[in-house]
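Positions are given from 1, in the same order as the sequence printed here. Model, not experiment: these values are computed from the prediction.
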Amino acid sequence: MPSLPDTYVLLRASRRPRTRAQLTSALEPELKEVLGRVCLWDDDWDVGDYRFCVFSYDLPGDAGIFMQFWSEPGEPVLWEVSSGKWHAPTEAYLAGDRAQRIQAAGFQMAGEAENYQKDVDVQTPRDVTALARHVIALLYDALDYRGQQALDVQAVADSRATWRAVYESLLPDDLALLLERAGYACEVGEETDDDVDEAAGLEPRNTVPVYVRRYGIRAMAMLAGRLPEDGGFEIIALGPAPPASQKATEALLMEGLDVLVLPLAGGVTAEWLEHQVAGWFEERRQEKRRAKKGPPAVRPK
């Protein structure tokens, strides 16, 4: 992961206009370093990761120019250049010949902000070098930048994903605590040598029932698939609570029962688990309501 975020002056302002060669000499190494950190990805990334960098400078008369590069793993890099659409001084500066030069470089106005955009393929250090040179060409040839204004850069690495703790196994008391916090009444039962793992196609192991109650509905969450390393269980089978005369494991294996099997292998959040249990209870709640109403009345023809 690159050392981002980072914000600093990429190029200090010069009193005299720089030639194209001077601008290239001063900017190319700096651009390659930033664009490489933002646009090149190795295998160390997760779904939802993204990076971006923004180069910007201010002009007399309150105009401001920026160009942005948005990068995600395995996707083309989005290169965006300000159009000034929502800022009159910038729009006036970029109007006419400069706008035509930007479009001639392959950009089209797009997006909600109506800036100039195009996709660029950046997969290797050579691509980064080529991109850095294209940036300089756009600055010099299209935007008439001569280095007399400071060029700032902001680079960011972030993710759309939300990092949360996950459970790959649970002890009976853990499950009871999670569900009690969500508003359920729970009671942990006795461990048995019988098992419901055959319903999930796994080898038999010991099981522990956790009796759960809410909305006047009694259910049983059977924990199965004990892991030898931590003693936790990696499967939860949620179904109707059996009568006292029936074994818990036999009840869950009866045909026709609404049993929800929740595998924890790979990791699940507490929120996901609560959502699954809540969905099962809500279905039973709706069934009870329909049963109280009885069958719909038949209208005479």
Side-chain angles (χ1 to χ4, degrees), residues 46-48 160-296:
D46 293 295
V47 174
R160 290 184 292 273
T162 301
W163 292 92
R164 296 183 180 179
V166 297
Y167 298 92
E168 294 185 336
S169 66
L170 284 171
L171 294 171
D173 290 339
D174 296 334
L175 177 61
L177 180 59
L178 285 174
L179 295 180
E180 285 171 351
R181 287 179 176 177
Y184 299 85
C186 298
E187 180 184 350
V188 178
E190 296 294 328
E191 183 170 345
T192 175
D193 290 337
D194 296 330
D195 195 51
V196 295
D197 279 10
E198 93 178 57
L202 298 179
E203 296 178 2
R205 300 186 185 118
N206 293 355
T207 59
V208 179
V210 176
Y211 299 97
V212 187
R213 187 175 68 256
R214 195 174 192 182
Y215 309 128
I217 301 168
R218 295 180 64 252
M220 180 178 65
M222 181 66 75
L223 283 83
R226 185 191 289 274
L227 299 175
E229 52 267 25
D230 62 5
F233 296 84
E234 63 177 354
I235 293 176
I236 300 171
L238 179 66
S245 60
Q246 188 176 27
K247 286 186 177 181
T249 51
E250 293 176 353
L252 287 182
L253 290 175
M254 288 179 62
E255 293 185 4
L257 288 183
D258 295 310
V259 177
L260 177 64
V261 178
L262 302 173
L264 308 184
V268 302
T269 64
E271 292 82 0
W272 180 87
L273 188 59
E274 292 168 10
H275 178 74
Q276 299 299 316
V277 173
W280 186 91
F281 268 85
E282 182 60 28
E283 288 182 7
R284 306 294 83 73
R285 190 182 185 187
Q286 294 299 328
E287 289 173 359
K288 285 183 64 175
R289 288 178 176 176
R290 288 192 293 268
K292 286 182 179 180
K293 290 181 179 179

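In terms of heavy atoms, Tyr211 sits closest to Gly189 at CE1-CA, 4.1 Å. The nearest pair of heavy atoms linking Leu175 to Ala221 is CD2-CB, 3.9 Å. Leu264 and Phe233 make their closest contact through CD1-O, 3.6 Å (heavy atoms, listed as atom of the first residue, atom of the second, distance). When all heavy atoms of Val210 and Cys186 are compared, the pair lying nearest together is CG1-CB, 4.3 Å.
To the nearest 0.5 Å, atom CD of residue Glu180 and atom CG of residue Leu178 are 9.5 Å apart. In this structure, CE on Met220 lies 12.5 Å from CD on Glu187, to the nearest 0.5 angstrom.
Among pairs with a residue in residues 169-179, none fulfils salt bridge (charged side-chain N to carboxylate O under 4.0 Å, His left out), at least two apart in sequence or across chains. Residue pairs meeting the salt bridge (charged side-chain N to carboxylate O under 4.0 Å, His left out) criterion with at least one partner in residues 265-278, sequence neighbours excluded, are Arg164-Glu271.
Judged as a side chain to side chain donor-acceptor pair (under 3.5 Å), and not counting sequence neighbours, Glu283 has no contacts. In terms of the side chain to side chain donor-acceptor pair (under 3.5 Å) criterion, Glu190 has no residue partners (sequence neighbours excluded). Take Glu287 and apply the side chain to side chain donor-acceptor pair (under 3.5 Å) test, not counting sequence neighbours, and it matches Arg284. Evaluation of the side chain to side chain contact (heavy atoms under 4.5 Å, CB included) rule for Arg213 yields Ala185, Arg218 as partners, not counting sequence neighbours.
Contact annotation: the side chain of Thr269 approaches that of Val166 to within less than 4.5 Å [non-hydrogen atoms, C-beta and beyond].
A 6.0 Å sphere centred on CZ of Phe281 holds more than 12 heavy atoms belonging to other residues, nucleotides or ligands.
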